Amino acid sequence: MQISKRLRTVASFVTEGNSIADIGTDHAYVPIFLAKEGKITKALAMDIKKGPLERAKTHIQKQGLSDMIEVRLSDGLSAFQKGEAETIIISGMGGALIQKILEEGKEVLCEAKEFILSPQSEIQDFRHFLQNSGYEIRKETMLKEDGKYYTVIKAAFGKMNYTKEIEFAYGKLLLKERNHVLREYLKKEEQVCKKIVEQLTAVGSKEQEKRRNELLHREELLQEAQRYYER
């Protein structure tokens, strides 16, 4: 089964032999892929929308995987029971929404062994949330597909030791390994920041001063992050 580079990366972070719950499964591509590869024991494919869930059910039936993958209508983790899965997958959503799902479902997540998370926005704030909520980032990567950048995180219950804002902004593990996709992203973002700062400086209005200062601070972080690649 062919799936996108992003979803394949998400799937690759799952520990082989685990049971999974894919929250916001959409068409259930990740559970189907992992099941066909023989990487999981069973799966829950959960989504809040009936339409995508019906399509997911059809895909699962066509692949002959109905006995292995259960489809379940659920708003986040509302229909999930404690201990039903060792791996929780939540991807393709904004960081604030993933945070909300984890917070609202914390009572049923206590027996989960790992969390595969791919926030598509607010990633800096999301890393702060993980540390403040008793999660530890065990593995992280960044990839590019169709011109867009994606971050995939494997987390577990534990203690993080992120102390610098740059580690939250761009990922301590990504910076440590000098992730090449992150480097490309940093360069591109710095160029964008410089251009906007120049435009705001030309306007010279007091209303834009706060925004300009925010961008200058961000530019400093981007430059600091790029120095990791010079070590």
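These numbers come from the heavy atoms of this one structure, side chains and all, not from hydrogens, waters or symmetry mates. Computed from a predicted structure; not experimentally measured.
Counting heavy atoms from C-beta on, the side chains of R8 and K5 never come closer than 4.5 Å. With a 4.5 Å cut-off on side-chain heavy atoms, F33 and V10 do not count as touching. A 4.5 Å side-chain heavy-atom check between I98 and M93 finds at least one atom pair inside the cut-off. Contact check for T163 versus E167: side-chain heavy atoms found under the 4.5 Å cut-off. Between E224 and E220, the closest side-chain pair of non-hydrogen atoms is not below 4.5 Å. Within the 4.5 Å cutoff, the side chain of L117 has heavy atoms near those of the L102 side chain. Using a 4.5 Å heavy-atom cutoff, the side chains of I69 and K42 are not in contact. Side-chain contact between I20 and L44 is absent, with no heavy atoms from C-beta onward closer than 4.5 Å.
Cation-pi geometry between K144 and Y150 is not met at under 6.0 angstrom from the ring centre and within 45 degrees of the axis.
K36 and Q63 share a donor-acceptor pair across their side chains, judged by distance under 3.5 Å alone. Side-chain N/O atoms of R6 and S118 include no donor and acceptor closer than 3.5 Å.
Among pairs with a residue in residues 174-198, those fulfilling ring-ring contact (aromatic ring centres under 6.0 Å, His included) read Y149-Y185, at least two apart in sequence or across chains. Every pair passing ring-ring contact (aromatic ring centres under 6.0 Å, His included) that includes a residue from residues 34-59 is listed here, sequence neighbours excluded: H27-H59, Y29-H59.
Side-chain heavy atoms closer than 4.5 Å link hydrophobic residues (I, L, V, M, F, W, Y) into clusters, and following such links, possibly through other members, connects Y135 to I153. Y228 is connected to M142 through a chain of hydrophobic side-chain contacts under 4.5 Å among Ile, Leu, Val, Met, Phe, Trp and Tyr, so both are in one cluster. Criterion: ILVMFWY side-chain heavy atoms under 4.5 Å apart, direct or through other members. Under it, L34 and I116 are part of a common hydrophobic cluster. Linking Ile, Leu, Val, Met, Phe, Trp and Tyr residues whenever their side-chain heavy atoms come within less than 4.5 Å leaves L186 and L143 in two separate clusters. Under the 4.5 Å side-chain contact rule for hydrophobic residues, L173 and V181 do not share a cluster.
With sequence neighbours excluded, the residues forming a salt bridge (charged side-chain N to carboxylate O under 4.0 Å, His left out) with R138 are E136, listed by chain and number.
Ion pair E209/R212 flagged as a salt bridge, since at least one NZ, NE, NH1 or NH2 atom sits closer than 4.0 Å to an Asp/Glu carboxylate oxygen.
Hydrophobic cluster membership for I48: none, as no Ile, Leu, Val, Met, Phe, Trp or Tyr side chain comes under 4.5 Å of it.
In this structure, CZ on F115 lies 10.5 Å from CD1 on I23, to the nearest 0.5 angstrom. Between the CG atom of N179 and the CZ atom of R183 there is a distance of 11.5 Å, given to the nearest 0.5 Å. Between Q226 atom CD and E189 atom CD the span is 10.5 Å, to the nearest 0.5 Å. L215 contributes atom CG, which lies 13.5 Å from atom NZ of K195 (distance to the nearest 0.5 angstrom). Between E214 atom CD and E219 atom CD the span is 14.0 Å, to the nearest 0.5 Å. Taken from CD in E177 to NZ in K172, the straight-line distance is 14.0 Å, to the nearest 0.5 Å.
In plain terms, the two heavy atoms of I166 and L221 that are nearest each other are CD1-O, 3.8 Å. Scanning both residues, L182 and Y170, for their nearest heavy atoms gives CD2-O, 3.6 Å. Nearest approach of S66 to Q61, heavy atoms of both residues: OG-CG, 3.4 Å. The two residues L53 and A45 make their nearest non-hydrogen contact at CD1-O, 3.7 Å.
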**OP:** Please report the C-alpha distance between K154 and I137 in whole Å, then the side-chain angles of each, then the deciding distance to 0.1 Å, and finally whether the side-chain contact (heavy atoms from CB on, under 4.5 Å) criterion is met.
**Re:** CA-CA 6 Å; K154 176 185 279 193; I137 295 177; over 6 Å; no
Original post:
Between E104 and K100, is a salt bridge (charged side-chain N to carboxylate O under 4.0 Å, His left out) present by the stated rule, with each step listed?
Top reply: CA-CA 6 Å; E104 291 181 349; K100 180 175 181 286; 3.0 Å; yes
Side chains of residues 70-89: which donor-acceptor pairs under 3.5 Å do they make with residues two or more places apart or in other chains?
residue : atom : partner : partner atom : Å
E70     : OE1  : R72     : NH2          : 3.3
E70     : OE2  : R72     : NE           : 3.2
E70     : OE2  : R72     : NH2          : 2.9
R72     : NH1  : A79     : O            : 2.7
R72     : NH1  : E84     : OE1          : 2.9
R72     : NH1  : E84     : OE2          : 3.3
R72     : NH2  : E84     : OE2          : 3.1
S74     : OG   : G76     : O            : 2.9
S74     : OG   : S78     : N            : 3.4
S74     : OG   : S78     : OG           : 3.4
S74     : OG   : A79     : N            : 3.0
S78     : OG   : D75     : N            : 3.1
S78     : OG   : D75     : O            : 3.0
E84     : OE1  : Q81     : N            : 2.6
E86     : OE1  : S19     : N            : 2.8
E86     : OE1  : S19     : OG           : 3.3
E86     : OE2  : K113    : NZ           : 3.2
T87     : OG1  : N18     : ND2          : 2.9
T87     : OG1  : E114    : OE2          : 2.7

For a quick test of your reading: what N or O donor-acceptor pairs under 3.5 Å do the side chains of residues 119-129 make, sequence neighbours left out?
residue : atom : partner : partner atom : Å
E122    : OE1  : G95     : N            : 3.0
E122    : OE1  : A96     : N            : 3.1
Q124    : NE2  : E165    : OE2          : 2.5
R127    : NE   : E140    : OE2          : 3.2
R127    : NH1  : F168    : O            : 2.7
R127    : NH1  : A169    : O            : 3.2
R127    : NH2  : E140    : OE2          : 2.5
H128    : NE2  : E165    : OE1          : 3.2
H128    : NE2  : E165    : OE2          : 3.0

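Other residues, nucleotides and ligands contribute more than 12 heavy atoms inside 6.0 Å of the NZ atom of K139. In the displayed structure, D67 atom CG is contacted under 6.0 Å by at most 12 heavy atoms of other residues, nucleotides or ligands.
No donor-acceptor distance shorter than 3.5 angstrom exists from the side chain of D22 to the backbone of P31, with no hydrogens or angles considered.
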